[in-house]
Amino acid sequence: MTPSLLALAALLLGLPGLALAAEEEAPPPEDPPEEEPPEEEDPLASYRLPLSTLSDRAIGSTSRAVRFQWRDSPVQVGLVGDHLFELNNFNSLRGGLQLRLPTRALIFEAAFTRVEVWGSESTRMLSLTPYRQPGRPDRWELDLLVALPLAEGIVTARPRFFPATQLVLHAFAGLRYGVYPQGFRELKTGQVLAALWSPALTTEELANLERERLGGMEIDSGRYGLMVGLGNDLYFRQGLYLSPRLLLAVPVLAPASGTELLWWADLSLALGVAF
């Protein structure tokens, strides 16, 4: 007998307690099942990728801060001046022209300079003794250098009115070649050509240079030298540049040239324009 019929029978028979129990036993009506809303399509689903895939791809690129694009300059021309520290009692200053050819990775440089040498009170006192110091008289020099950029960026300076510049730190390496025209006096053409290729000054050149040397000087026989060092290029927006540097003579070629000036420094400053 179902609960509804049992409750009806209880009411007809006058049994209210039985009818109440029958109503309590009746299960509540079940709610109709709720319909789940349809899933919305994610518009970004096609663009999502795993992190491992993104790490293998180039997410972006950075740009180099540039005040002056010196790599796009076909040629640079400047004036250069040097002070040589040869660790003796003679003073030497250089001055001349500088030509530079920049590329994307390197700068190739050539400089043709005149070296003037003079003495001092120490030179005069040395000449009164039997001792002699290695030195070099007046001459012309040709430098062939390669500059490797190590770091660069835009810098500001004090005072404030000084404009911002492009600073490039270079490592330098190259050859220095000395020419003594007065040493070729009374030499034949063949002797001159042979001397130009010799790493050391010939006996005839040394004899001719005796009248050119300062008191207390023993003429050094080296003709070639290897120079290495560091320097900066300061480029202004208009293309002007300043290039201070410090080079050190490394006596790698000393066995061939017979030089006694083994370790010495060259402090220089160049002022030029990049076209």
Side-chain angles (χ1 to χ4, degrees), residues 80-97 110-145 172-231 244-269:
V80 60
D82 307 53
H83 187 279
L84 308 182
F85 300 90
E86 295 182 340
L87 304 181
N88 53 28
N89 289 286
F90 314 109
N91 300 301
S92 300
L93 285 180
R94 295 198 329 158
L97 295 175
F112 189 64
T113 56
R114 171 68 176 175
V115 184
E116 294 289 336
V117 183
W118 70 96
S120 62
E121 181 62 23
S122 297
T123 306
R124 189 190 66 80
M125 295 178 64
L126 180 64
S127 64
L128 301 177
T129 70
Y131 299 101
R132 296 293 179 264
Q133 279 189 327
R136 296 177 290 178
D138 297 345
R139 61 196 179 276
W140 295 89
E141 288 186 340
L142 175 65
D143 284 10
L144 298 176
L145 298 172
F172 290 91
L175 290 175
R176 176 166 294 179
Y177 177 80
V179 181
Y180 300 83
Q182 60 272 37
F184 300 142
R185 190 181 299 113
E186 299 178 359
L187 296 185
K188 297 180 180 180
T189 304
Q191 291 176 307
V192 173
L193 294 177
L196 290 175
W197 288 102
S198 173
L201 299 179
T202 62
T203 304
E204 294 80 8
E205 288 180 283
L206 293 174
N208 288 332
L209 292 174
E210 273 296 315
R211 68 186 74 176
E212 305 292 337
R213 70 176 180 85
L214 298 176
M217 175 185 290
E218 178 185 353
I219 298 178
D220 189 77
S221 62
R223 192 192 307 273
Y224 293 94
L226 177 64
M227 309 297 295
V228 298
L230 296 174
R245 70 186 64 169
L246 178 62
L247 301 180
L248 180 66
V250 181
V252 175
L253 304 177
S257 64
T259 180
E260 296 183 40
L261 297 172
L262 300 180
W263 298 96
W264 52 273
D266 178 357
L267 181 63
S268 68
L269 176 66

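This one's a predicted model, so the numbers in the text were calculated from it and none came from an experiment.
Leu142 has its side chain out of reach of Val179: every pair of non-hydrogen atoms, C-beta onward, lies at least 4.5 Å apart. Between Met217 and Phe90 the shortest side-chain heavy-atom distance falls below 4.5 Å. The shortest side-chain heavy-atom distance between His83 and Phe85 falls under the 4.5 Å cut-off. When side chains are defined from C-beta on, Asp143 does not count as touching Val80, because their heavy atoms never get closer than 4.5 Å. Counting only heavy atoms from C-beta outward, the side chains of Arg176 and Leu144 never approach each other to under 4.5 Å. Side-chain contact between Leu230 and Leu246 is absent, with no heavy atoms from C-beta onward closer than 4.5 Å. Counting only heavy atoms from C-beta outward, the side chains of Val228 and Phe172 never approach each other to under 4.5 Å.
For the pair Glu86 and Ser92, the tightest heavy-atom approach, listed with the atom from each and the gap, is OE1-OG, 4.1 Å. Scanning both residues, Asn208 and Gly183, for their nearest heavy atoms gives ND2-O, 2.9 Å. Across Ser221 and Gly258, no two heavy atoms sit closer than the pair OG-O, 3.2 Å. Annotation for Gly135 and Leu261: closest pair CA-CD1, 4.5 Å, computed over non-hydrogen atoms. Residues Asp138 and Val117 come closest through the heavy atom pair OD1-N, 2.7 Å. Residues Pro199 and Ala256 approach most closely at CG-O, 3.8 Å, considering heavy atoms.
We find the CG-OG distance between Leu93 and Ser268 to be 12.0 Å, quoted to the nearest 0.5 Å. Distance check, rounded to the nearest 0.5 Å: OH of Tyr131 to CG of Asn89 gives 14.0 Å. Separating the CG atom in Leu253 from the CG atom in Leu175 is a distance of 7.0 Å, to the nearest 0.5 Å. One finds the CD1 atom of Ile219 at 8.0 Å from the OH atom of Tyr180 (value rounded to the nearest 0.5 Å).
In this structure, Trp140 and Phe112 have parallel ring planes: the angle between them is below the 30° cut-off, well short of the 60° mark.
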Should Thr123 and Trp118 be marked as a side chain to side chain contact (heavy atoms under 4.5 Å, CB included) after you check the CA-CA gap, both sets of side-chain angles, and the distance that decides it? CA-CA 9 Å; Thr123 306; Trp118 70 96; over 6 Å; no
Yes or no on salt bridge (Lys or Arg N to Asp or Glu O under 4.0 Å) for Glu205 and Arg185, after CA distance, side-chain angles and deciding distance? CA-CA 8 Å; Glu205 288 180 283; Arg185 190 181 299 113; over 6 Å; no
Starting from the C-alpha separation in whole Å, work towards a yes-or-no answer on side chain to side chain contact (heavy atoms under 4.5 Å, CB included) for Leu267 and Leu247. CA-CA 7 Å; Leu267 181 63; Leu247 301 180; over 6 Å; no
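Ion pair Glu218/Arg136 not flagged as a salt bridge, since none of the NZ, NE, NH1 or NH2 atoms sits closer than 4.0 Å to an Asp/Glu carboxylate oxygen. Between Asp266 and Arg245 there is no salt bridge, since none of the side-chain N atoms of the basic residue sits less than 4.0 Å from a carboxylate O of the acidic one.
Although no hydrogens or angles enter the test, the distance criterion places no donor-acceptor pair under 3.5 Å between the side chain of Gln133 and the main chain of Leu87. A donor-acceptor distance shorter than 3.5 angstrom exists from the side chain of Arg139 to the backbone of Pro137, with no hydrogens or angles considered. Ser198 contributes no side-chain N or O that, together with a main-chain N or O of Ala195, makes up a donor-acceptor pair within less than 3.5 Å. For Tyr177 (side chain) and Gly225 (main-chain N/O), no donor-acceptor pair under 3.5 Å exists by modelled atom type. The closest donor-acceptor contact from the side chain of Gln191 to the backbone of Lys188 lies under 3.5 Å. A distance-only check finds a donor-acceptor pair linking the side chain of Asn88 to the backbone of Pro134 [under 3.5 Å]. Arg94 places no side-chain N or O within 3.5 Å of a backbone atom of Gly81 that could act as its donor or acceptor partner.
More than 12 heavy-atom neighbours from other residues, nucleotides or ligands sit within 6.0 angstrom of CD on Glu121.
Of the N and O atoms on the side chains of Asp220 and Thr259, at least one donor lies less than 3.5 Å from an acceptor on the other residue.
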